[in-house]
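The next block holds one structure in the form of structure tokens; read it before the comments.
Hydrogens, waters and symmetry mates are skipped; everything else that's a heavy atom, side chains included, is used. In the text below, chain A, chain B and the rest are named by the order of the sequence lines, each starting its count at 1. Here the structure is a predicted model, which means the values were calculated and not measured.
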There are 2 protein chains.
Amino acid sequence: MPLPDLDSFLSPRSIAIVGASSNPAKIGAVPVRYLVEHGYDGAIYPINARADQIEGRRAYPSLRAVEAPIDLAVFAIPASSVDAALDDAIAARVKNIVMFSAGFAEMGKEGEQAQAEFAARAKAAGIRVLGPNCLGFMNVARAVYATFSPVVGTGANEPGSVGIVSQSGAFGAYAYAMSRERGLGLSAWITTGNESDIGVADCIAWMARDPATRVIMAYLEGCKDGRKLRDALDLARAAGKPVVVVKVGRTELGALTAASHTAALAGDDAVFDALFRQHGAYRARNIEEFFDVAHGLAVAGLPPNKQVGLLTVSGGVGVMMADEAADAALEVTALPAAAQAMIHARVPLAATHNPVDITGQVTAEPDLLEATARIMLGEAGHGSLLIFLAAFGATPAMRILQQQMAQALRNDFPGRLIIFSTLADTAQQRALEAAGCLSFTDPARAVRVMAAMQFFIRHADRVSRSDAETSWPGAIAAMPAPQDASAAPGPLRRVAHNEADALGTLRAYGIPTVPFHRANSPDEVIAGARSLGFPVAMKVLSADITHKSDVGGVVLDIRDADEAVAAHARILDAARSSAPNARIDGVLVARMVRGGVECILGARRDPALGVVVMLGSGGVTVELLGDVTFRLAPVDIGQARAMVGELRTARLLQGFRGKPPCDVEALAEAIVRLSRFALAAGDSLESVELNPFVVLPAGQGALALDAVLLTAPPATANASSPAFAPSVSF
Amino acid sequence: MPLPDLDSFLSPRSIAIVGASSNPAKIGAVPVRYLVEHGYDGAIYPINARADQIEGRRAYPSLRAVEAPIDLAVFAIPASSVDAALDDAIAARVKNIVMFSAGFAEMGKEGEQAQAEFAARAKAAGIRVLGPNCLGFMNVARAVYATFSPVVGTGANEPGSVGIVSQSGAFGAYAYAMSRERGLGLSAWITTGNESDIGVADCIAWMARDPATRVIMAYLEGCKDGRKLRDALDLARAAGKPVVVVKVGRTELGALTAASHTAALAGDDAVFDALFRQHGAYRARNIEEFFDVAHGLAVAGLPPNKQVGLLTVSGGVGVMMADEAADAALEVTALPAAAQAMIHARVPLAATHNPVDITGQVTAEPDLLEATARIMLGEAGHGSLLIFLAAFGATPAMRILQQQMAQALRNDFPGRLIIFSTLADTAQQRALEAAGCLSFTDPARAVRVMAAMQFFIRHADRVSRSDAETSWPGAIAAMPAPQDASAAPGPLRRVAHNEADALGTLRAYGIPTVPFHRANSPDEVIAGARSLGFPVAMKVLSADITHKSDVGGVVLDIRDADEAVAAHARILDAARSSAPNARIDGVLVARMVRGGVECILGARRDPALGVVVMLGSGGVTVELLGDVTFRLAPVDIGQARAMVGELRTARLLQGFRGKPPCDVEALAEAIVRLSRFALAAGDSLESVELNPFVVLPAGQGALALDAVLLTAPPATANASSPAFAPSVSF
């Protein structure tokens, strides 16, 4: 992935502020003041044709007048002035521009065009651009304040290890203030605004390589380039830097594309969800969790294992913590018998399984607390420990005891995650954080942080596989050639394909389908059916008829040649009278398949995010209950197996109520091949749906009984709106 | 419901402290000190045989020596001394006892018996008891401190309108401290400990009648008497006092009773969930939400309508709020066109639909904020308004502006719920609360509070119906007589009943079942089948065989007399060889029923909570997806209809994919009748399950195809563990 010059942007040695001003009401006054006040140690060049000095620095009439290298130019000027300023910037060999100016793509068509023209000119000159319509950025440790956000004026953040990138300026400013309130030190803070050039993905990639950043927080409203985002997330994962994201808009786009139920299921947001999960980024559900998780990571780091210990002075709240932990699928592992005996020896009435309840006895013997914690971290080996202290933990003596415990336990059990849950004032929270421990009034918040930690532990294991994943353009080239080259898709035809074409195309890519023949006459019908063996099913073949059953275009269970000929005539009559304008390509004769478990498989090309592969349970459950799961292609066999396991109705496939287990491996293999097919089809694919896709008992395979394929010519594929075909079944 | 004397307990005119001490290390020292320090204005009688004075008050050697009326005696003494103290209390005509003493039921069998004996003696003497093993209680406004919890010593709470009752002392103390931190004033605070007499339900009922209490917070770990709890919740609802509950243990009991899948589905916690919902108590998911909701209710009260307005200065966070609101099913109603035009007139780029985004323009024109809020509360009539201000809201000028807005808007729009979301320090939060407004850093927390408010608004509408509900013993008497008196259940037999008996019993209570005949010979088989009309189904009749299909005991689609005779012989042979020891009561011949949608209906008696009625979707969905819903009996027709609507697969019943709508009214009526039957069966019912219960197309009714009935003799019913029968189908 081509990356902009990180140093010249985030750590410029010289900054020019175009539109700098001595009038504090002007936005051009702000960055100069921030830079001077915070002691930026590079060169500062205020640009203002009508001033000699600004904030005690010599002012220049234009960028050209500086006559020294300019790493970064800040455009604090109206949209009407940017073209001239860009001329100057090009002439002055400016490397990077931060563009506060509003009045571009956010204003509509005209602004969009102006923005595109500006971006193209900057790109041609080799200048990278942040914005327009953004609040700029800060590199906190190096006192680079290329922002006019007033939030810095109300109090600056400490340097630290968390990088924040936000598409929204308002949210970015809020996040800055929240970090400050929490004492969460920042490395970099970037708002990307209209993203004419540099986007959130670029910033994540930067932060993945920035030595000061250890944890990355990203706020997204959308994404223009899924490939870049995925690569950036993989870079961060490979660098061992957890990424916590908030993505807004769970509902809006789903509604827009809900032309069919499958389209709604595969809505934009579900795809983002799959993307984040697949690339190891943790998606926070709200602002509180966003900060709780990032803060926890920055303060404590990831624990060394997934085992969680729960320690409480209240049995009831112990149960509450266990409930929360169960909901979050935490591994609340029981203490070994010997460890339980050690606790019982001191507290006969203690619950020692996990949660461990040392009861009110701790008020008489406060040292019980650390002793028990040591047993849980030591003998039981819990990687994380949550300690609920109720009101008892808020007394002055207990606050000191917790601080001492925090120090001692982190010292003797390095890297363990230790969270206290009690009332703690800000000073107490900071003291515990200084020792690498966390504090939450509500243990439920602590459990959610522990759950996020486990997410990262799970995904850290997958870095190597993820590296393979990211090489997907290569994967296409390395893909096996279609089994039947003559049937392989050349330039695919546009829009809908008839069922036989769709099934044939899929089969050419190794996706198993029901055996079938096309037939255009009674003789062909009989020959086809005989070669398949009776009973057979027969369906009208027409790209123009999607609901074949509704027009009488489907006959099942045809038992002999006479029935077949009659069915053929009936189907053609029915189709012609119900859909007189439809193009009829004859009929499809297919073997009757009985038994097995029905699923739905699909893939569609999302113009921004790439190819999305879907697996759903069949029948009514997919429609009524949305029992579906997604991955971005390519999907490897391990991911495909995981998809099967994620279905809520997965047990149906595993041999339910005495039925034989299904051929899950054949299903997983079909998912992998469908993903390869969809990638190979490239921009010409709009969507493909295999419904039903029947999974037979183990060893007997799995096969598509019907398929709908929608394609578009490569030239227009990116512009067309993605849509799954309506569901078709026979 | 018999209620203890509220005044003498919560507002005693005289308090004796048995075990009072001048040694501050003793728990008997604490209540005397609290009472004196906080200026309790009634009589204080320290009881201590070896002291003349305690805390400057005359001490008495025993309760008998006081020789004045004692409304409340606090037992701050070891378990070994309580019997003698009770003798004295009875002699001194003490009205109420608070018993801190530990060493009773929480210690095992022996302690349990001692507790029961103490409670019985107190009850016989007309003395009410709180505890033992509790932290006591406080009436904050009247300075009644009948507690030894150290949490009061670290800072006292302000008097206010929130009553807290907790079974757990540790949680109670924590809740006290959290209330103090939040500035949430308390009316009463009660911990109930072992609940030998007074339980959480009594306290809720008290608070429902206590003029100082407006909002009730209840923390439960279990419940011994569901009837009392339901009545108490109804009292609170009738008094217009919202109840917010936390109930711990979502998982433990479910696992214990998971002998069959249905039992697991109807686990203890699901029943609590139904109970709270049915009686209008809001169940908070965690401690933070518990306080957020109660605090919100105390500060702002319920808004006058369910319409919610979302106002933001950040488009992205507006979308985030809309997502949260959609998840919580809030009514985010669009602004009228005229109102939208008014906003557009000032902010051309504003989003005005709802969320309303007034954009960064508000930083230049802060008065936009109140102007827009007035349009939303006024023209749009939103009952609740959530205003997200990002970091902008945290500047000193904006803090003042918010305070002024809060005052002005609550003045001009009384009762509206107005929540600011920005960074607010404690002083700012208190200032906004003083004006009746709320403040949350994370708008998601605000949305959850608004959702809880809507829950209460919905349930407030149902008070009148709820009054009818609570008269359920009467409802049994008023129930129509069984349609066929001869078949009505007398004293039901114990344990399993055969299918014909079960179906006959249910039919006698007006629950529709498949038409059937018993048959003990080939002639009876033929006669039965002919009177029903072929085709018929035939099943072995045996209370000892639950899985009839597995033993070859079921034959479907019998088309004529010959097939019937053959099936009869085959079934009896198969049953005798597979289950040689089973008692065979002949066969059941039933009409074949085709079509319709399968459900499962059930009821079971929970020894603590009463009769639980269950509706689930049929087939695999109930088992795989737990698509079930519960109510406590009696279930009226409106509640039964609501249950149908709560199924995730409800659409299957409403005419799905072109199928005819089902007879939902017949299903609802069957639920009502099943609830009546289960109540009428009284303690003799263990469980009844109708599976499948088929709902035919509208107008054609609904009927049970199979039933399993388990009963127990009345004497042992309460002791037996409740269990649904394993599912049986043919």
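- By number of non-hydrogen pairs under 4.5 angstrom with chain B, the leading residue of A/T154, A/T363, A/D442 is A/D442.
- In this structure, chain B has heavy atoms under 4.5 Å from both the backbone and the side chain of A/S421.
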Yes or no on side chain to side chain contact (heavy atoms under 4.5 Å, CB included) for B/V200 and B/Y219, after CA distance, side-chain angles and deciding distance?
CA-CA 8 Å; B/V200 163; B/Y219 169 96; over 6 Å; no
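- Only the side chain of B/S168 comes within contact range of chain A, with heavy atoms under 4.5 Å apart.
- The two atoms that bring A/A424 and A/Q428 nearest to each other are CB-CG, 3.6 Å, heavy atoms only.
- For A/A394, no part lies under 4.5 angstrom from a heavy atom of chain B.
- Between chain B and the residues A/A390, A/A170, A/S166, the largest count of heavy-atom pairs under 4.5 Å involves A/A390.
- If you measure heavy-atom distances from B/R180 to chain A, you find no contacts under 4.5 Å at all.
- Residues B/R399 and B/D425 come closest through the heavy atom pair NH1-OD2, 3.1 Å.
- In terms of heavy-atom pairs under 4.5 angstrom with chain B, the leader among A/V317, A/T312, A/V151 is A/V317.
- A salt bridge between A/D292 and A/R182 is present, with a side-chain N of the basic residue lying under 4.0 Å from a carboxylate O of the acidic one.
- Neither the backbone nor the side chain of A/M321 comes within less than 4.5 Å of any heavy atom of chain B.
- A pairwise comparison of heavy atoms in B/L310 and B/A325 identifies CD1-CB, 4.4 Å as the closest pair.
- A heavy-atom distance below 4.5 Å is not found between the side chains of A/M178 and A/L184.
- Proximity to chain B (any heavy atom under 4.5 Å) is shown, for A/F291, by neither the backbone nor the side chain.
- Interface summary for chain A: among B/Y176, B/F290, B/F388, B/F440, the most heavy-atom pairs under 4.5 angstrom belong to B/F388.
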Taking it one step at a time, do B/Y174 and A/L423 satisfy side chain to side chain contact (heavy atoms under 4.5 Å, CB included)?
CA-CA 8 Å; B/Y174 195 48; A/L423 284 166; 4.0 Å; yes
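- If you measure heavy-atom distances from A/E288 to chain B, the contacts under 4.5 Å come from both the backbone and the side chain.
- Distance alone, capped at 3.5 Å, places no donor-acceptor pair between the A/T649 side chain and the A/S617 backbone.
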